[in-house]
Amino acid sequence: MATLNLMVLVCLAYVALLFIVAFAADRLAATGRSTWLRSPLVYTLSLSIYCTAWTFYGAVGYAARSGLEYVTIYLGPTLVMVGWWWGLRKLVRVGRSQRVTSIADLISSRYGKSNLLAICVTVLAVVGITPYIALQLQSITLSFSIFFEEAPVGAYSDASVVFWVAAGLAVFAILFGTRNLDANERHHGVVTAIALEAVVKLIALLAVGIFVVWGLSGGVSETMARIDASPIGEWKVNGSRWATITFLAVAAFVCLPRMFQVMVVENDDERHLRTAAWAFPTYLLLISLFVVPIAVVGLEVMPEGSNPDMFVLTVPLSQGRETLAMLSFLGGFSSATSMVIVAAMALSTMVSNHLVMPIWLSSQSDRASVSGDVRHVILLARRVSIAVIMALGYFYFRLSGGGAALASIGLISFAGIAQILPALVGGLFWRGATRSGALAGLTVGFALWLYTLLLPGLGGGLMPDWVLSDGPFGIGWLRPQALFGIQGLDPIVHAVMWSMLLNTAAFCAASLLSFPSPLERLQGAQFVNVFDHSAGPRGWTGSVAQSEDLMIMSQRILGAREAQDLFQSEAALQGGRGHLPEPTPLFLERLERELSGSVGAAAAHAMIGQIVGGSSVSVEDLLAVADESAQLMEYSSQLEVKSGELARTAKQLREANEKLTQISLQKDAFLGQISHELRTPMTSIRAFSEILRDNDGLNTQDKVRYATIIHDEALRLTRLLDDLLDLSVLENGQVSLNMRDGILAEVLDRAVASALAGAEASLAVRRRRISETVQVRSDLDRLAQVFINLIANAQKYCDAPNPELTISVHDVGGQAVVDFIDNGSGIPAEVQSTVFEKFFRVNAEKAGGAGLGLAISREIMLRLGGDIVYLPGQSGGAFRVTLPLAGQMAAQ
Amino acid sequence: MTGDGDGERSERKAPAVFLERQTYRRRRLMDAARLLPVLGALLFAVPLLWPGAEDAGTAAPVPTSRAIRYIFVVWALLILGNVWFGLLTRGWSGQGQGRNDDEAEPPQRERG
């Protein structure tokens with residue numbers, strides 16, 4: 001006979017074992033020798049907090065009442081796990097890369113770190129989960145009372161048991177759930193204890209199931225026959241409930257704060273999902289495998305009117321299997337405690353982070369910068385939150401009376417939590433989802449859930465009966481369980497349909513109509529495209545203010561010596577011994593100022609924030625950084641443009657200077673040449689005129705000779721001056737050209753005739769008249785002057801015994817090309833480039849002219865839009881004149 | 001598989017119009033993984049079609065034992081499917097690989 005004392009003893013021993021396991025796991029994790037603690041197996045088992053006492057006891061009761069419908073609660077999570085690659089993997093990756101601490105944190109983080117959203121989710125979660133916690137307390141109390149009924153003791157009271165159970169669970173959760181502050185650090189102790197409890201509850205339920213099937217019924221086929229013969233032997237599941245509850249289970253599995261805690265926050269390694277994807281559905285399958293047999297056998301063997309929720313416990317007891325009953329009791333105890341502990345932990349994180357801390361910080365706003373005790377405050381807030389949540393559960397249980405109303409609270413709770421789903425899924429897969437949308441969806445869903453399900457479902461006068469039957473103010477289509485006049489639906493189906501439908505509609509509509517803030521858009525991109533933004537699986541790293549890191553960074557920016565000096569002086573100021581000062585707010589401020597001198601205020605703030613980790617880098621910071629760099633870039637590009645301009649100007653100046661120098665040199669040379677050219681005839685003119693003046697005894701013949709010389713020299717001077725004038729006019733562009741059309745052959749005829757007229761040496765000119773019939777548009781007189789000059793040159797300089805000049809005309813690329821090639825020795829290569837310079841003469845002895853002919857020719861040709869060049873590599877001296885054809889000038 | 005060797009080698013020089021066979025297989029495997037929950041949901045929805053005890057229909061209601069067999073067999077098959085997928089993808093957990101292989105189908109991504 002299982003005495004009360006024995007049971008209490010076993011119970012206490014079990015709790016002590018859990019404490020030891022949790023403690024040892026924490027120690028192991030602290031020393032880093034905890035590889036098996038991070039195994040996929042522990043992860044999978046920790047997920048089993050999905051199976052609460054509602055599962056352990058309630059599933060059998062559910063099956064006894066409604067047949068197979070209970071299985072939907074486990075089919076939903078199975079579907080989620082089967083689709084892990086598509087959904088859960090993303091959720092876990094986002095949770096890890098964003099370091100979220102709870103589902104409220106995730107939602108708030110996705111929608112621009114909005115604390116209002118976090119508060120909404122937190123309130124929703126607390127309202128939804130508190131009855132659930134009460135349900136667990138009730139199941140523990142019920143299971144206790146079963147044993148007390150067996151061995152009645154006078155001092156028993158439900159209230160005191162529930163109180164002590166709640167208090168004990170609170171202590172456990174506080175001890176192991178709020179040890180370390182950083183919620184990113186896993187609660188290894190709690191998780192390991194939960195894994196152990198998962199094993200216990202599975203073994204317990206399997207043991208009872210095996211006992212029922214093989215012990216009481218005598219095998220599988222007999223059991224099946226018994227099932228078919230029982231009151232639940234026929235398929236009578238309501239289709240809409242089947243689908244709705246499966247959906248609810250899917251939503252709850254993802255959105256329940258405790259599931260989020262173990263699945264995402266406590267996840268050590270993304271790869272564990274791979275194992276959990278099949279291992280957890282297997283766990284669920286095993287848990288629900290024997291539910292119907294136990295229910296059927298319970299219905300048979302237990303007396304009419306006994307509570308089917310307790311069949312797991314009462315069936316073995318009625319058969320006298322106390323040890324099995326004890327194991328079963330421990331299983332139920334495990335289910336309830338693990339759920340309560342994790343739920344309290346998860347809720348306390350949400351409450352302290354999103355409700356207590358913002359309030360506390362705003363009340364401390366004037367002293368926020370000096371308080372170094374925030375860690376204490378947070379820990380205290382978490383502990384108090386756990387206590388308060390447990391107290392809420394306790395009072396809820398006491399107030400609701402622990403009656404049948406509680407039994408349906410599981411699904412009601414699921415429906416409440418499911419209101420988070422649109423915001424969550426939308427946030428993960430739709431970049432257009434906005435904070436306003438999430439807020440609208442949550443509000444609408446929460447309100448509808450309260451109105452259509454929670455308040456009517458709780459009973460106890462929370463909603464007057466006339467509202468239920470007639471609607472508020474007598475408005476019929478607002479009746480809580482028949483909204484818009486649609487009657488006859490199951491209350492759960494009705495509530496879930498309307499709340500989810502309108503929730504999603506509000507979410508989508510508000511998202512489409514509103515415009516997100518920059519931070520929201522950034523977060524949206526990071527969430528939706530998390531696989532593009534985050535590296536593969538990696539562990540969390542702590543972020544603590546590190547003076548050394550600050551030092552390294554400052555050295556990079558300020559320079560090693562300066563940074564060391566700064567740090568040393570600060571360390572001395574702080575009275576420390578080492579070279580590194582403590583990263584006090586004052587020092588950080590000073591450092592930031594120093595750094596901002598180098599990299600700009602926003603960048604400095606962001607860098608220090610990055611290292612210290614206290615304040616995250618906000619989008620505003622990033623925008624400011626971008627602004628600063630944009631300004632810098634603008635400035636530097638302006639500088640670049642200006643320096644380029646300067647360089648160009650300098651180059652132009654240099655060129656101008658060179659040109660001036662050259663021109664000055666040319667002028668000097670020109671003046672020298674001119675004076676030389678002028679002096680030669682002047683000298684002979686002066687000499688002969690002096691002879692004429694001073695010698696009276698000159699005969700007439702001599703006189704005539706001398707006068708002729710003087711006349712010739714004067715003529716030469718005049719010609720020279722004419723040429724100079726001509727050249728100067730040409731060079732200054734003051735010449736007026738008489739452009740007209742003409743045939744090239746005629747110009748050549750004229751030139752050859754006038755060049756050869758009166759010449760003593762004969763020059764044979766060869767021409768091909770056919771090719772010369774080219775129409776040109778030019779100043780024909782000037783052109784003839786050029787040709788005369790070239791022919792005269794050939795005549796003058798050709799040193800062949802039978803001098804010959806070939807004049808050939810081609811049409812090359814729309815230009816007339818006239819080549820003058822003689823059969824002489826030509827112009828030496830070294831002077832070919834200077835042949836067009838002023839006063840150039842190939843050899844001074846033969847010089848007849850002033851050496852200006854070619855210079856003038858070139859000037860003329862340039863004025864006429866053509867050119868004249870020396871053609872090297874011909875048999876003799878060769879010049880090429882190019883000039884535009886008629887009609888080409890206009891086009892140019 | 002071996003017959004494709006030469007073709008692939010020559011194709012590799014040109015810009016990849018077609019994925020390599022292995023990558024292609026992986027993508028389809030991931031498609032299968034995405035479809036698996038849909039298949040599961042459909043199979044679990046089959047009981048909605050069964051005549052219930054309350055239906056005043058012609059067909060006899062399905063006995064609970066058969067319903068149990070159906071549901072648990074489907075359940076086990078889904079689990080086996082996931083085990084199979086888990087085994088096939090065991091080697092994919094390297095850094096970056098997961099990203100490139102699973103999510104890199106450009107038309108699905110929203111850029112900018």
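Just so we're on the same page: letters track the sequence lines, and every chain starts at 1.
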Could you tell me which residues satisfy salt bridge (Lys or Arg N to Asp or Glu O under 4.0 Å) with E300(A), sequence neighbours excluded, listed by chain and number?
R226(A)
Heavy-atom pairs under 4.5 Å with chain B, option from L68(A), L289(A), V82(A) with the top count
V82(A)
Counting only non-hydrogen atoms closer than 4.5 Å, does S288(A) touch chain B with its backbone (N, CA, C, O), its side chain (CB onward), both, or neither?
both
With a 4.5 Å cut-off on heavy-atom pairs, point out which of L285(A), V71(A), L79(A), T282(A) contacts chain B the most.
L285(A)
Decide ring pair (Phe, Tyr, Trp, His ring centres under 6.0 Å) for F253(A) and F280(A); before the verdict, give the C-alpha distance in whole Å, the side-chain angles of both, and the deciding distance to 0.1 Å.
CA-CA 12 Å; F253(A) 184 69; F280(A) 186 61; 5.6 Å; yes
Here the pair of heavy atoms bringing A64(A) nearest to L299(A) is O-CD1, 4.1 Å
What residue, out of L284(A), T246(A), T72(A), V250(A), has the most heavy-atom pairs lying under 4.5 Å from chain B?
L284(A)
Identify which part of L80(B) has an atom lying under 4.5 Å from any heavy atom of chain A, answering side chain, backbone, both or neither.
neither
For I71(B), is it the side chain, the backbone, both or neither that has a heavy atom under 4.5 Å from a heavy atom of chain A?
side chain
What I'd like to find out is whether the side chain of W278(A) reaches to under 4.5 Å of the side chain of Y283(A), using heavy atoms alone.
no
Do Y74(A) and T55(A) get their side chains close enough for a donor-acceptor pair, meaning under 3.5 Å?
yes
Quick one: which of L39(B), V38(B), L48(B) has the most heavy-atom pairs under 4.5 Å with chain A, could you say?
L48(B)
Among pairs that include at least one residue of residues 69-78 of chain A, which meet salt bridge (Lys or Arg N to Asp or Glu O under 4.0 Å), considering only residues two or more places apart or in two chains?
E69(A)-R241(A)
Max heavy-atom pair count under 4.5 Å with chain A, selected residue of A45(B), S65(B), A76(B), A67(B):
S65(B)
